Protein chains: 2
Amino acid sequence: METEYETRPREAIARILRAEPRFFSAAELCARLDESGTPVSRATVYRTLERLAAKGEAALRLNDRGEATFMFCDSGHHHHAICRSCGRVEDVACGALDSFVDRLRSLHGFQLDDHSLEFHGKCRSCV
Amino acid sequence: METEYETRPREAIARILRAEPRFFSAAELCARLDESGTPVSRATVYRTLERLAAKGEAALRLNDRGEATFMFCDSGHHHHAICRSCGRVEDVACGALDSFVDRLRSLHGFQLDDHSLEFHGKCRSCV
DNA sequence: AAGGATTTTGAGACTCTGTCTCAAAATCAG
DNA sequence: CTGATTTTGAGACAGAGTCTCAAAATCCTT
Ligand SMILES: [Zn+2]
Ligand SMILES: [Zn+2]
Ligand SMILES: [Zn+2]
Ligand SMILES: [Zn+2]
């Protein structure tokens, strides 16, 4: 068998991710965990995040420095609008990309099977 | 004054980038340069790519491992369709994102000022 | 509540990407 | 050719992420 254990490190990480709708880097999480009195090793932070992402419970995003960041997130297909100043993330339903798909197929013979779309700006409280 | 010199390393890098419409990582370029008999140090490869990107002559893209990759590219705003198997890139004009912009503003009070959009699939010769 | 099979963790070594330094080499104008 | 200026390369360095393996935690069974 392959049972899953509920452990203190995993709960501490989930608690931080649950608290804010924004992406956290592994380093950020380590710092937060240290502050909150339940330190967790880097290895475990990475393992836990990877596990959450694999289960579809967290979204993985590379920030502009190429660092992996994670956020709790619905599993269905959608996109994100990220606030430049506070990092807050709004989910955005996908749609209206059909024109791109059509154009690419007819113009270049390109067969699309995926896309990534992300918005940047200022959220209501940061404008 | 601040003159720009034409040097062998810069020309060798430009020659490789010009040859294929796809993104190259610094490591890839170093390997190619070694093979082609005009080795260039990593430092110089990075400096040259950074310089090209700053001048708007090359596009910077983080691949799925967070590594910086570069490609010669028009400077105006547009997007890319990238072939999963051969890496070939087709430029795609931007458009049809107005519905997203409207929805975000009215629904969340989010003030958009930028976006990134990328397509993945198989190009004509790889289907 | 104790024992034991199984899963998880942490410390630290390690790899890899990318940056920085500075003396040596290349470029170019005069 | 000479000399001022720019560029390069070797290697030290920093930071993200991976890996190992013994020790610790979890949970099931008795
Ligand atoms: Zn989301
Ligand atoms: Zn979508
Ligand atoms: Zn382009
Ligand atoms: Zn666009």
Side-chain angles (χ1 to χ4, degrees), chain A residues 1-18 22-55 57-72 82 87, chain B residues 1-18 22-55 57-72 82 87:
Chain A
M1 257 300 265
E2 190 176 291
T3 332
E4 280 209 340
Y5 290 179
E6 280 179 19
T7 68
R8 181 184 298 274
R10 287 178 182 173
E11 280 161 11
I13 290 170
R15 197 175 316 129
I16 294 178
L17 288 179
R18 245 195 315 270
R22 66 181 198 81
F23 286 93
F24 289 89
S25 70
E28 248 175 309
L29 280 170
C30 280
R32 290 274 189 120
L33 290 161
D34 284 350
E35 289 167 14
S36 65
T38 49
V40 177
S41 71
R42 274 190 306 288
T44 296
V45 169
Y46 279 111
R47 280 184 292 228
T48 302
L49 293 173
E50 181 186 19
R51 184 170 139 278
L52 289 173
K55 290 203 293 179
E57 296 178 10
L60 162 63
R61 169 177 191 262
L62 298 175
N63 67 18
D64 54 3
R65 286 194 305 271
E67 301 165 6
T69 62
F70 298 83
M71 177 180 72
F72 269 141
I82 305 176
Chain B
M1 256 305 263
E2 191 176 291
T3 331
E4 280 209 342
Y5 290 179
E6 280 179 19
T7 68
R8 185 139 50 124
R10 288 179 182 174
E11 280 161 11
I13 290 169
R15 196 176 316 128
I16 294 177
L17 289 179
R18 243 194 317 270
R22 67 181 198 82
F23 286 92
F24 289 88
S25 71
E28 247 176 310
L29 279 170
C30 280
R32 290 274 190 124
L33 290 161
D34 284 350
E35 290 167 12
S36 66
T38 49
V40 177
S41 72
R42 273 193 335 213
T44 296
V45 168
Y46 279 110
R47 281 184 291 229
T48 302
L49 293 173
E50 181 185 21
R51 184 170 139 277
L52 289 173
K55 290 203 292 179
E57 295 178 10
L60 163 63
R61 168 175 193 265
L62 299 175
N63 68 17
D64 54 3
R65 286 194 305 270
E67 302 164 3
T69 62
F70 297 84
M71 177 180 70
F72 269 140
I82 305 176

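Every value quoted in this text rests on a predicted model; they were computed, and no experiment measured them. Convention: sequence-line order gives letters A, B, ...; per-chain numbering from 1.
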Only counting residues at least two apart or in another chain, list the ones meeting salt bridge (Lys or Arg N to Asp or Glu O under 4.0 Å) with B/Arg51. B/Glu4

Start with the C-alpha distance between B/Val40 and B/Thr48, add both sets of side-chain angles, then the distance that settles side-chain contact (heavy atoms from CB on, under 4.5 Å), and finish with yes or no. CA-CA 10 Å; B/Val40 177; B/Thr48 302; 6.0 Å; no

Numerically ordered, the residues 23-41 of chain A set in heavy-atom contact under 4.0 Å with DNA chain C is A/Pro39, A/Val40, A/Ser41

Roughly how many Å is it from CZ in A/Arg10 to P in C/dG10, rounded to a whole number? 11 Å

Residues at least two apart in sequence or cross-chain that pass salt bridge (Lys or Arg N to Asp or Glu O under 4.0 Å) with B/Arg47, listed by chain then number, are none

For B/Phe24, the ring-ring contact (aromatic ring centres under 6.0 Å, His included) test, sequence neighbours excluded, returns none

All side chain to side chain contact (heavy atoms under 4.5 Å, CB included) counterparts of B/Thr7, not counting sequence neighbours: B/Tyr5, B/Pro9, B/Arg10

Rounded to whole angstroms, how far apart are CD on B/Glu11 and C1' on C/dA26? 13 Å

Only counting residues at least two apart or in another chain, list the ones meeting salt bridge (Lys or Arg N to Asp or Glu O under 4.0 Å) with A/Glu11. none

For B/Phe70, give me all partners under ring-ring contact (aromatic ring centres under 6.0 Å, His included), at least two apart in sequence or on another chain. none

Integer-rounded Å distance: D/dT7 P and B/Leu52 CG: 13 Å

Interface with DNA chain C, restricted to residues 60-69 of chain B and to heavy atoms under 4.0 Å: B/Glu67, B/Ala68

Could you list the residues that satisfy side-chain hydrogen bond (donor to acceptor under 3.5 Å, both in side chains) with A/Asn63, not counting sequence neighbours? A/Glu67

Can you sort out the partners of A/Arg32 under salt bridge (Lys or Arg N to Asp or Glu O under 4.0 Å), two or more places apart, ordered by chain and number? A/Glu20

Using a 4.0 Å cut-off on protein heavy atoms (strictly under), produce a 5'-to-3' string for nucleotides 18-30 of chain D with B for base contact, S for backbone-only sugar-phosphate contact, and - for none. BB------BS---

Side chain to side chain contact (heavy atoms under 4.5 Å, CB included) partners for B/Ala27, two or more places apart: B/Ser25

